Amino acid sequence: MTSQDTRPGTADRPAAAGGADSAARNGAPAGERHLPGEQVVLAAGSPMPLDSGAQLGPFTVAYRTYGTLNAEKSNAVLVCHALTGDQYMAEPHPVTGRPGWWEVMVGPGRPLDTERFFVICANVLGGCMGTTGPQDLDPATGKPWGPTFPVVTIGDMVRAQKLLVDHLGIARLFAVVGGSMGGMQVLEWAARYPERVLAAVPIATAAYHTAQNIAFHEVGRQAIMADPDWDEGWYQLSGKTPRRGMAVARMTAHVTYLSEQALHRKFGRRLQDRQKPSFGFDADFQVESYLRHQGSSFVDRFDANSYLYITRAMDYFDLAAEHGGVLADAFRRSPVRFCVMSFTSDWLFPTSEAKRIVHALNSVAADVSFVECDSDKGHDAFLLIEPEFHETLNGFLNGCCEGLGLPQGQLRPLDQSHDPTRDRVT
Amino acid sequence: MSPLDSPALRAKNAGKRADIRADLLLIADMIEPGSRVLDVGCGDGVLLDYLIHFRQVTGRGLELSQEGVNACVSHGLSVIQGDADLDLADYPDGTFDYVVLSRTLQATQNPREVLEHLVRIGTRAVVSFPNFGYWRIRWALLTRGRMPVTRSLPDPWWETPNIHLCTIRDFLELCEAGGIAIERALTIGADNRAEPIGSMRRANLLGQDGLFLLRRADR
C-alpha cells in the first residue's frame with residue numbers, strides 16, 4: 001500500500017515538501033524517463049484482453065530483479081507490490097532517494113533471501129513507474145492516455161505479470177508474495193495459474209474489497225477529481241498537478257494504514273514546534289504536520305490518474321465473484337501451498353477477512369497455513385520490522401524449500417541502527 | 001498433490017525431533033506411512049513433524065492457540081489457527097486417511113459432534129484422552145473428596161480447559177451411539193506402556209489414558 005511515505009515519523013520536520021522530482025515525472029511518459037531497472041514490451045504480437053472487455057497492447061512492464069536465477073529456474077519469487085508501491089523494493093527509490101519499501105524483507109539474511117532466491121518485482125499495469133499507465137502516450141492519439149486509459153483490474157495486473165514470467169522463461173514460480181493489494185494479486189495468481197505457483201503468501205489482504213474500503217477509496221478519488229488542477233484528468237496537457245487533491249487522498253488513506261494505538265504512540269496530542277495552540281488552522285498538532293508531509297511528498301512520486309485507476313482495480317476485486325460466488329471454487333484441486341498472514345491491529349484488512357480465505361481453502365482441502373501476528377502498527381505492519389512475522393514467513397519458505405531441495409535460510413538480525421522503518425518520532 | 005509433499009523428498013530430508021513423548025509415539029504407530037494426516041489440536045507440532053519426517057505422511061494441523069500455530073508454521077508445517085468445535089465442519093468428507101485428536105476431546109464443547117466430524121473427514125480417526133475412571137482419580141475423589149489433579153489432568157477444576165471428562169467405558173458408549181466402530185483399543189499406563197484393552201473393568205481402572213483407532217461403522 002505504501003512505501004517510503006509511511007516510514008519517517010516526520011513530526012520533527014516542516015510540513016512543506018519539495019517537488020524537485022515532480023517535473024521528472026509529470027508529463028514524461030515512462031519510455032522517456034531514465035529509471036533504473038529493466039523494461040520489457042509485452043503483448044506485442046496480439047493485444048492482451050482486459051476484464052473490462054477492452055484490449056491493451058503492446059505495453060511496457062518495468063521490473064527489478066534481485067539475486068540470481070538458478071540453473072533449474074526453481075528459485076524465482078515474485079513480489080506483488082501494494083497500491084502506491086513499485087518495483088524498487090530493495091534499493092533506494094530513484095525519485096525519493098528513500099530506502100526500498102521492503103528492504104526489511106528482501107536481501108541477504110532476510111526471509112526473501114537474495115542469496116538463495118531470485119526475487120522479481122514489477123510495477124503494476126496502470127502504475128506510474130515505468131509500466132504502462134495513464135500518464136503514458138496513447139499510440140492512437142499521440143497524447144497521454146489520461147482519463148481514456150482502459151480500466152484495469154487485479155486480474156489484468158496478474159495477466160501482465162504472467163506475460164513477464166513467461167518472458168523470463170520461468171515455468172513455475174517458487175513463490176508469489178505480497179501484502180495488501182499485493183496479496184490480492186497473490187490470490188489471483190494462485191487461482192488463475194495454480195500450475196505456475198508452488199507457494200502463495202497473501203499478507204494483510206482479503207479476497208474482495210469491502211464496502212468500507214471502497215468508501216475510503218472513493219473519498220480519495222473525489223478529493224483528486226474535485227481539485228480544479230485535475231482538469232478532468234487532462235492535467236498533463238496543461239502541465240498542472242492536482243496537488244491538493246492528491247495530498248488529501250493520501251492523508252485519508254494514510255490514516256487507514258495505521259492504528260489508533262500507533263497514532264497515539266507516535267504523536268499523542270503533542271504540539272508541533274510550539275508550546276501552545278495557535279487558535280487557528282495551522283498544523284498545531286504533530287499528527288497534522290505528519291499527515292500534511294505524507295500528503296505533499298506523495299504528490300512528488302505518484303501520478304494522480306494512476307492513483308484513480310489502481311484504487312479502482314482494488315475496488316473491483318472480488319475473487320469469489322469470478323468463480324460463481326463461491327470463493328472455494330477459486331482454489332478447487334489447487335496444488336499451491338498457501339500461507340495466509342494477518343496482523344491483529346489491521347482494521348483495513350482484518351484477520352476476519354484472512355480467515356474467510358482460510359475457510360475457503362480448507363473446504364477444498366488445500367494445503368494452507370494461517371498465521372495472525374501480534375502487532376499494534378495497523379495495516380502497515382507488513383512493511384515494518386515485525387520479528388514474529390519475518391520468522392514465520394522464513395519458516396514457511398524453508399518448509400517449501402525442503403521439498404524442492406533448495407537451501408534453507410537463516411534470518412540474520414537486522415542492523416537496527418540502519419532500520420529504514422525506524423520510527424523517528426518516539 | 002503438490003511436489004512439495006513428495007514423500008520421497010520428505011524422507012530424504014528427515015532428521016529432526018526424533019524423540020517424542022511416548023504417548024505420541026503410540027499414536028504414530030497407528031498411522032500408515034505415506035498417508036494423509038490431519039492433527040487436530042496439534043500444539044507446537046511435535047507429532048506432526050515426527051509423522052512427516054519419519055512416517056512420510058502429508059500432514060496438516062489445526063490448533064487453537066496462535067502461539068502454537070506460529071511455532072508450527074515457522075517450523076515449516078502447514079497449520080492453521082482454528083477451533084475443533086467450529087472449524088472441522090469446513091473440511092470435506094474423506095479428505096484425510098487419519099485425523100488425530102490427542103488429549104483434546106475432553107476440552108471440546110461438543111465431543112459427540114467433534115468425534116463424528118473426525119470419522120467423516122478421515123477414513124480413520126486416532127483419539128486419545130485422559131481416562132477419568134483411572135484408579136488414582138477414583139481414589140483421590142473417594143479419599144480426599146476433591147477434584148483430582150494428575151499428570152494427565154494437571155489443572156485445578158476452576159481453570160482446567162477440560163470440560164467434558166469421561167471414562168473409557170463412557171467413551172465406548174458414545175462410539176456405539178454415534179455409529180463409530182473401534183478398530184483398535186489401548187490403554188496407556190502411568191509408565192507410558194500401552195496395553196490392548198481386554199477386560200473392560202481392568203482397562204477402565206488401570207489405564208491412565210485411552211487410545212483408540214476409529215472409523216465409521218457404516219464404512
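Keep in mind that this is a model prediction, so the values were computed, not measured. A, B, ... follow the sequence lines: proteins, then strands. Residue 1 opens every chain.
The interface of residues 79-104 of chain B with chain A, defined by heavy-atom distances below 4.5 Å, comprises B:V79, B:I80, B:Q81, B:D87, B:D90, B:Y91, B:P92, B:T95. Listed in order of number, the residues of residues 161-168 of chain B that approach chain A to under 4.5 Å between heavy atoms amount to none.
Only the backbone of A:A366 comes within less than 4.5 Å of a heavy atom in chain B; its side chain stays farther off. The contact between A:V371 and chain B is made by backbone and side chain atoms together, counting heavy-atom distances below 4.5 Å. Proximity to chain B involves both the backbone and the side chain of A:N362, based on heavy atoms less than 4.5 angstrom apart.
Atom CD of residue B:Q66 and atom SG of residue A:C373 lie 7.5 Å apart, to the nearest 0.5 angstrom. The OG atom of B:S78 sits 6.5 Å away from the CZ atom of A:F396 when rounded to the nearest 0.5 Å.
Applying the salt bridge (charged side-chain N to carboxylate O under 4.0 Å, His left out) test to pairs two or more places apart or on separate chains, none has a residue in residues 149-168 of chain B.
The number of heavy atoms from other shown groups lying within 6.0 Å of CD (B:E176) does not exceed 12. At most 12 non-hydrogen atoms from other residues, nucleotides or ligands lie less than 6.0 angstrom from CD of A:Q410. Atom CD of A:E115 has more than 12 neighbouring heavy atoms from other residues, nucleotides or ligands inside a 6.0 Å radius.
Listed by chain and number, the residues in a side-chain contact (heavy atoms from CB on, under 4.5 Å) with B:A28 are B:L47, B:Y50, B:L51, B:R55 (sequence neighbours excluded).
Options A:V364, A:V368, A:N398, A:L393 differ in how many heavy-atom pairs under 4.5 Å they form with chain B, and the most are formed by A:V368.
Defined by atom type and a distance below 3.5 Å, a donor-acceptor pair is missing between the side-chain atoms of B:N70 and A:T392.
Scanning both residues, B:G76 and A:R337, for their nearest heavy atoms gives O-NH2, 2.7 Å.
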